[in-house]
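Below you'll find the structure, written out as structure tokens, and then a few comments.
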Amino acid sequence: MDKVYSPAEIEQRLYQRWESAGYFVPRLSQHSFCIMIPPPNVTGTLHMGHAFQDTIMDALTRRHRMQGEATLWQPGTDHAGIATQMVVERVLNAAGQRRTDMTREAFVERVWAWKEQSGGTIARQLRRLGASVDWSRERFTLDPGLSQAVTEAFVRLHEQGLIYRGERLVNWDPVLRTALSDLEVLSEEEDGHLWYVRYPLSDAEGHVVVATTRPETMLGDAAVAVNGEDPRYRHLVGRHVLLPLAERTLPIIADSYVDPGFGSGCLKITPAHDFNDYAIGQRHALPLINIFTPEARLNERAPERLRGLDRFEARARIVEELTRAGLLERVEPHKLMTPRGDRSGAVIEPYLTQQWYVRVAPLADAATAAVESGRVRFVPANWDKTFYQWMRNIQDWCISRQLWWGHRIPAWYDQQGHIYVARDEQAAQAAARARHGRDVPLQQDEDVLDTWFSSGLWPFSTLGWPAHTADLARFYPTDVLVTGFDIIFFWVARMIMLGLHFMGDVPFREVYVHGLIRDAEGQKMSKTKGNVIDPLDIIDGIDLPALLAKRTSGLMQAHLAAGIEKATRKQYPQGIPAYGTDALRFTFASLATQSRDLRFDLARVAGYRNFCNKLWNAARFVLRACDGPSSEAMAAGGTGGPAPRAVSERWIRSRLGATIGAVDAAFRDYRLDFAANALYEFTWHEFCDWYLEIAKPVLQSPQAAAAQSTRGTLLHVLETLLRLTHPLMPFITEEIWQRVAPSAGTSGESIMLAAWPDASEFPTDADAEQEMHWIMQVVLAIRQIRGEMDIAPAKRLPLLLQQASDRDLALVQQHLSLLSQLAGLGSVRALRLGEAPPPAAAAMVGELTLLVPMSGLIEPQSELRRLERRVEKIEQELARARGKLANDHFVRNAPPEVVAQERQRLADFERTRHGLARHIAQVRVLASV
RNA sequence: GGGUGCUUAGCUCAGUUGGUAGAGCGUCGCCUUUACACGGCGAAUGUCGGGGGUUCGAGUCCCUCAGCACCCACCA
């Protein structure tokens with residue numbers, strides 16, 4: 001084994017072996033475990049958030065697989081309608097072409113070609129991350145099977161009256177020229193204006209003033225509304241005004257929606273271009289006057305001179321004309337919430353169109369009930385509140401999109417406009433024939449479905465639905481969904497609704513909601529911010545020029561490049577070193593706290609890369625120590641051999657058991673940060689820092705049985721630790737395990753298929769832990785003196801024991817060589833009764849006083865300072881403990897064991913202080929000489 | 001307007017039913033100790049955002065204020 005762990009050499013080799021050996025395919029077992037991957041966009045690449053999420057899922061999957069369950073992690077990708085279509089259109093535009101220049105079929109072909117070209121990236125990335133997904137079941141939302149599921153779901157929902165087609169206002173993206181669902185619209189506060197416009201009364205002198213943020217829509221006004229209670233305007237209700245710039249009169253109506261306190265108290269009503277106005281228009285039977293084309297230009301309903309103007313040009317023109325006509329009373333600056341499309345960024349227009357909708361209310365009720373009753377459990381639990389809040393106010397879901405890339409809606413129209421929703425064209429034709437008595441020409445709906453419609457079926461469509469497959473029976477409901485809170489509404493809620501509806505059961509029993517990965521400064525990672533890191537660049541490393549090129553090329557806003565380059569040069573002057581997959585994965589695990597924002601800092605990856613190296617070298621040590629012909633004897637020692645085990649062996653086994661328990665609990669609670677910490681702590685600070693050091697002299701000792709027993713323990717503990725660590729760090733654990741397992745008496749093709757560690761095999765050994773605690777206290781106390789006095793580590797120190805109890809003496813006797821080795825002692829001797837101690841540095845362990853004679857090594861002054869610092873601390877603790885025990889209320893009300901514990905603490909502190917005080921007095925005399 | 005979080009060491013964060021405030025990174029000493037310098041040993045560092053309350057006892061529970069972040073929502 002090399003001195004330094006080199007992930008690059010082993011990771012890809014091991015993954016290929018796992019994959020080709022079929023280890024990712026679920027085995028047969030009574031119990032099953034299943035996770036569905038949230039399918040990423042097929043044309044995208046995995047970012048840090050994906051890598052984080054995939055690490056979590058892989059860790060869960062690997063642990064369950066080791067527990068012997070039939071484990072499936074289902075992979076796949078999403079066609080991501082709008083996002084993908086936009087990407088391909090951008091490519092076309094760059095080549096001087098436009099989507100509208102080609103046929104739909106030609107365009108869709110281009111998208112498929114793009115998908116084939118880029119589709120392998122995600123799979124490649126997943127493999128590099130070590131994701132143990134079952135590639136043989138990989139799915140894509142536009143696969144024939146999944147498309148059939150989409151059609152089936154649509155047709156059934158339609159038959160059940162849960163899908164309908166209707167004409168109403170939708171969120172219209174005039175740039176993409178498609179409808180969007182409510183969720184795809186993001187509102188943000190922007191600076192705007194409030195224009196106060198005079199609408200003259202039609203039958204008398206005077207006018208009313210309406211306040212509007214969108215003067216251009218006045219051409220579509222159908223009324224002016226006032227609050228019926230408003231004394232200023234009450235008398236005008238029923239009269240009419242003349243709509244400026246248009247040759248129309250509008251009624252003045254009363255509606256309680258109008259807030260007399262806002263603006264002028266008069267509201268222009270434009271039912272075809274505002275959601276509120278639409279509702280008011282419905283109440284008052286007002287006409288819908290659509291003044292826009294799908295591109296949001298003024299249409300033929302506008303006066304001729306304004307036709308064809310873009311909505312923002314139209315606004316300027318109309319304000320200008322109103323000003324010229326003296327109808328603009330004033331303009332105020334005004335902050336308003338502007339709705340924008342989440343993909344295009346275009347200002348969304350409420351627009352009157354025919355669209356398909358899912359009637360959500362009945363589905364939402366069932367979904368809410370499923371969460372309330374605990375059939376679906378959110379982790380952390382409080383996400384259910386977010387879920388409920390959305391579910392309570394849910395509106396019908398607009399599922400049709402005026403795009404070309406996606407699942408074509410299974411609806412056909414005859415020339416009279418009758419609709420035939422059917423599983424295929426033949427079935428539609430049959431329905432048409434039934435109506436008309438003959439075949440008639442049918443035209444399929446041009447629209448496609450919202451991407452999230454097919455994603456919503458993912459937990460069962462991937463398993464073969466609508467067929468009744470064995471996989472469905474085996475894996476549905478799945479066990480856990482691992483996802484970010486950003487798609488609870490888009491995806492989680494819809495899977496629950498559709499799963500309950502079509503499968504009659506929840507799609508997953510638990511939803512583990514993790515935080516979102518941000519950069520080291522807490523900024524969201526994005527291309528425009530230039531702070532994106534490709535997970536593979538952390539694994540393989542990347543030099544600065546390549547990193548700069550990646551971050552500054554293909555920017556939508558080229559002017560950002562300079563700033564990004566500067567920041568990148570500053571942050572990564574040397575580029576990024578190669579850290580390997582396991583270090584990255586362990587970092588992700590350690591980040592998996594319950595916080596919402598998770599800051600990703602490369603310094604942590606470096607720390608865990610070091611941890612990998614630590615584990616690697618510990619293994620190197622163990623293998624070297626156990627190298628030899630008698631490996632069978634060692635194995636026997638490891639699995640309950642004959643010799644009574646040394647206390648250190650009993651201790652490390654007990655600690656391992658505790659660690660297994662902690663890791664098990666952490667996995668059950670989805671606290672991978674706890675799991676990572678427990679593994680780190682045990683591996684580094686117990687196994688390496690203490691046990692390996694303890695083992696060294698034993699291995700050299702002439703007592704063959706003790707050495708042999710130690711070898712067995714080293715192997716057994718390491719082998720178990722590797723299995724325990726494998727879900728988080730699959731590669732390094734496999735690489736080491738392959739070398740360690742045979743000597744440890746374990747066999748198997750792969751650690752992946754080895755049994756998950758059993759804590760009961762390593763029960764708590766309280767005696768051993770206590771005894772080791774004493775040893776460690778003594779060692780630490782002497783090391784502290786050495787460290788604080790700057791005594792060279794190689795210098796062997798004499799140690800005198802004062803006031804040693806029988807137990808102390810027995811322990812010293814028993815562990816003399818151990819103590820000498822760990823603390824660097826030259827000699828150890830107990831003071832005789834009445835023997836005057838020489839000038840010495842002192843430390844206390846319980847009642848025992850440890851003395852290290854100064855004899856030229858230690859300056860009395862510095863020892864004095866050291867002792868005084870310690871006493872000061874103890875005095876503080878003493879004061880607190882005394883105060884507590886002096887408090888009558890505490891002694892009377894606190895539980896007896898707490899009071900007893902406090903008394904014990906007080907006694908310990910007093911003894912220690914007393915001992916130290918005595919030495920201070922002595923040292924002070926020396927110091928003053 | 002409604003809702004949800006967050007505020008603990010220089011930085012990033014843990015802190016499980018209230019009972020001695022922790023880790024990693026960084027910092028400062030000493031060390032080429034035969035697994036590891038991607039290392040070893042030792043050290044320093046906190047008004048747990050402010051205020052109030054409950055309690056024998058509060059980082060933890062309640063109230064309140066401040067700051068930050070996010071989500072939902074139809075005030076023109």
Side-chain angles (χ1 to χ4, degrees), chain A residues 1 3-5 182 187 194 210-214 225 257-259 261-270 274-280 334 336-337 350 380 382-383 385-386 388-390 392-393 485-486 488-489 516 520 522 577 579 583 590-591 593-601 603-604 606-625 665 669 671 673-674 677 680-681 685 688-689 692-693 696 780 783-794 821 824 869 877 880-881 884 887-895 897-899 901-902 905 909:
Chain A
M1 284 173 87
K3 199 168 166 183
V4 173
Y5 170 63
D182 296 344
S187 288
L194 199 53
V210 301
T212 179
T213 55
R214 301 201 55 196
Y257 170 78
V258 181
D259 176 1
F262 188 91
S264 62
C266 291
L267 177 59
K268 72 189 215 36
I269 303 299
T270 320
D274 182 283
F275 289 104
N276 290 315
D277 293 6
Y278 181 85
I280 294 171
H334 182 70
L336 71 160
M337 296 296 279
N382 50 298
W383 283 110
K385 292 198 185 91
T386 305
Y388 293 140
Q389 205 205 344
W390 189 63
R392 268 197 297 274
N393 305 315
F485 55 81
D486 51 333
I488 287 180
F489 306 145
L516 267 32
Y579 291 112
S590 75
L591 282 174
T593 65
Q594 298 199 337
S595 294
R596 291 187 178 192
D597 299 327
L598 310 172
R599 293 195 190 202
F600 187 89
D601 190 343
R604 289 192 74 164
Y608 293 127
R609 185 266 322 261
N610 295 353
F611 177 62
C612 289
N613 197 51
K614 190 76 179 174
L615 181 61
W616 181 258
N617 276 287
R620 228 157 56 91
F621 172 82
V622 172
L623 285 170
R624 189 185 297 182
D669 296 342
R671 289 301 303 263
D673 55 329
F674 287 175
N677 287 343
Y680 187 97
E681 177 68 21
H685 296 307
C688 290
D689 284 353
L692 293 193
E693 294 305 319
K696 283 176 185 173
L780 288 171
R783 279 181 184 170
Q784 188 175 45
I785 291 173
R786 184 194 295 277
E788 295 191 14
M789 295 300 137
D790 282 355
I791 300 170
Q821 162 85 9
R869 269 206 312 274
E877 295 293 336
R880 273 169 65 174
K884 260 189 172 176
N887 183 349
D888 218 34
H889 297 288
F890 172 71
V891 178
R892 254 187 298 132
N893 296 324
E897 64 272 19
V898 173
V899 178
Q901 184 191 323
E902 201 61 30
R905 263 166 56 81
F909 285 132

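As the structure is a computational prediction, the values presented were derived from the model and not from experiment. So you know, we letter chains A, B, ... as the sequences are listed, proteins then strands, and number each from 1.
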[atom1]/[X] to [atom2]/[Y] distance, rounded to the nearest 0.5 angstrom?
{"X": "A:Glu681", "Y": "A:His685", "atom1": "CD", "atom2": "NE2", "answer": "5.0 Å"}
{"X": "A:Arg783", "Y": "A:Arg786", "atom1": "CZ", "atom2": "CZ", "answer": "9.0 Å"}
{"X": "A:Asn617", "Y": "A:Arg624", "atom1": "CG", "atom2": "CZ", "answer": "9.0 Å"}

Has [X] got a side-chain N or O lying under 4.0 Å from the OP1 or OP2 atom of [N]?
{"X": "A:Arg620", "N": "B:G39", "result": "no"}
{"X": "A:Asn610", "N": "B:C36", "result": "no"}
{"X": "A:Arg671", "N": "B:G15", "result": "yes"}
{"X": "A:Gln784", "N": "B:A43", "result": "yes"}
{"X": "A:Ser595", "N": "B:A14", "result": "yes"}
{"X": "A:His685", "N": "B:G22", "result": "no"}

Looking only at N and O atoms, is any donor in the side chain of A:Lys614 or the base of B:C36 less than 3.5 Å from an acceptor on the other one?
yes

Within the modelled atom types, does a donor on one side and an acceptor on the other bring the side chain of A:Arg905 and the base of B:U20 under 3.5 Å apart?
yes

Just call it for [X]: base, sugar-phosphate, or nothing, with non-hydrogen atoms closer than 4.0 Å on any strand.
{"X": "A:Lys696", "result": "base"}
{"X": "A:Asn887", "result": "sugar-phosphate"}
{"X": "A:Arg880", "result": "sugar-phosphate"}
{"X": "A:Ala618", "result": "base"}
{"X": "A:Tyr608", "result": "nothing"}
{"X": "A:Asn382", "result": "sugar-phosphate"}
{"X": "A:Glu693", "result": "base"}
{"X": "A:Arg609", "result": "base"}
{"X": "A:Arg214", "result": "nothing"}
{"X": "A:Ser187", "result": "nothing"}
{"X": "A:Leu194", "result": "nothing"}
{"X": "A:Phe674", "result": "sugar-phosphate"}
{"X": "A:Asp689", "result": "sugar-phosphate"}
{"X": "A:Asp259", "result": "base"}

Within this structure, what is the [atom1]-to-[atom2] distance between [X] and [N], rounded to whole angstrom?
{"X": "A:Arg869", "N": "B:C28", "atom1": "CZ", "atom2": "P", "value": "18 Å"}
{"X": "A:Phe600", "N": "B:C13", "atom1": "CZ", "atom2": "P", "value": "13 Å"}
{"X": "A:Ile785", "N": "B:A43", "atom1": "CD1", "atom2": "P", "value": "11 Å"}
{"X": "A:His889", "N": "B:U54", "atom1": "NE2", "atom2": "P", "value": "13 Å"}
{"X": "A:Asp274", "N": "B:C74", "atom1": "CG", "atom2": "P", "value": "11 Å"}
{"X": "A:Tyr388", "N": "B:G2", "atom1": "OH", "atom2": "C1'", "value": "18 Å"}
{"X": "A:Arg892", "N": "B:C56", "atom1": "CZ", "atom2": "P", "value": "9 Å"}
{"X": "A:Leu692", "N": "B:U34", "atom1": "CG", "atom2": "C1'", "value": "14 Å"}

Backbone N or O of A:Cys266 within a donor-acceptor pair of the A:Ser264 side chain at under 3.5 Å?
yes

Taking the side chain as every heavy atom from C-beta outward, state whether A:Asp669 and A:Phe674 have any atom pair closer than 4.5 Å.
no

Quick check: do A:Phe489 and A:Thr386 have side-chain heavy atoms less than 4.5 Å from each other?
yes

Pairwise [atom1] distance, [M] and [N] [rounded to whole Å]:
{"N": "B:G40", "M": "B:G52", "atom1": "P", "value": "46 Å"}
{"N": "B:C13", "M": "B:C6", "atom1": "P", "value": "13 Å"}
{"N": "B:G5", "M": "B:C62", "atom1": "P", "value": "11 Å"}
{"N": "B:G42", "M": "B:U47", "atom1": "C1'", "value": "29 Å"}

Which class fits the ring pair A:Phe262 and A:His334: parallel under 30°, tilted 30 to 60°, perpendicular over 60°?
perpendicular

If the plane angle is over 60° it's perpendicular, under 30° parallel, otherwise tilted; pick one for A:Phe485 and A:Trp383.
parallel

Dot-bracket, RNA chain B: Watson-Crick or G-U, under 3.5 angstrom, [ ] crossing, | other strand?
((((((((.[[[[.)...(..]]]].(((((.......))))).....[[[[[..)....]]]]])))))))....

Between A:Pro350 and A:Asp274, which heavy-atom pair has the shortest distance, and what is it?
CB-N, 4.0 Å

Nearest nucleotide by nearest heavy atom, which residue falls closer to the 5' end of RNA chain B, A:Tyr257 or A:Ala619?
A:Ala619

Step by step, work out the ring-ring contact (aromatic ring centres under 6.0 Å, His included) result for A:Tyr608 and A:Tyr579.
CA-CA 9 Å; A:Tyr608 293 127; A:Tyr579 291 112; over 10 Å; no

Each nucleotide in nucleotides 66-73 of chain B should get exactly one letter: B, S or -. Can you fill that in based on protein heavy atoms under 4.0 Å?
---S-SSB

Flag this pair as yes if the NZ/CZ of A:Lys696 is under 6.0 angstrom from the six-membered ring centre of A:Phe621 and inside a 45 degree cone about the axis; otherwise no.
yes

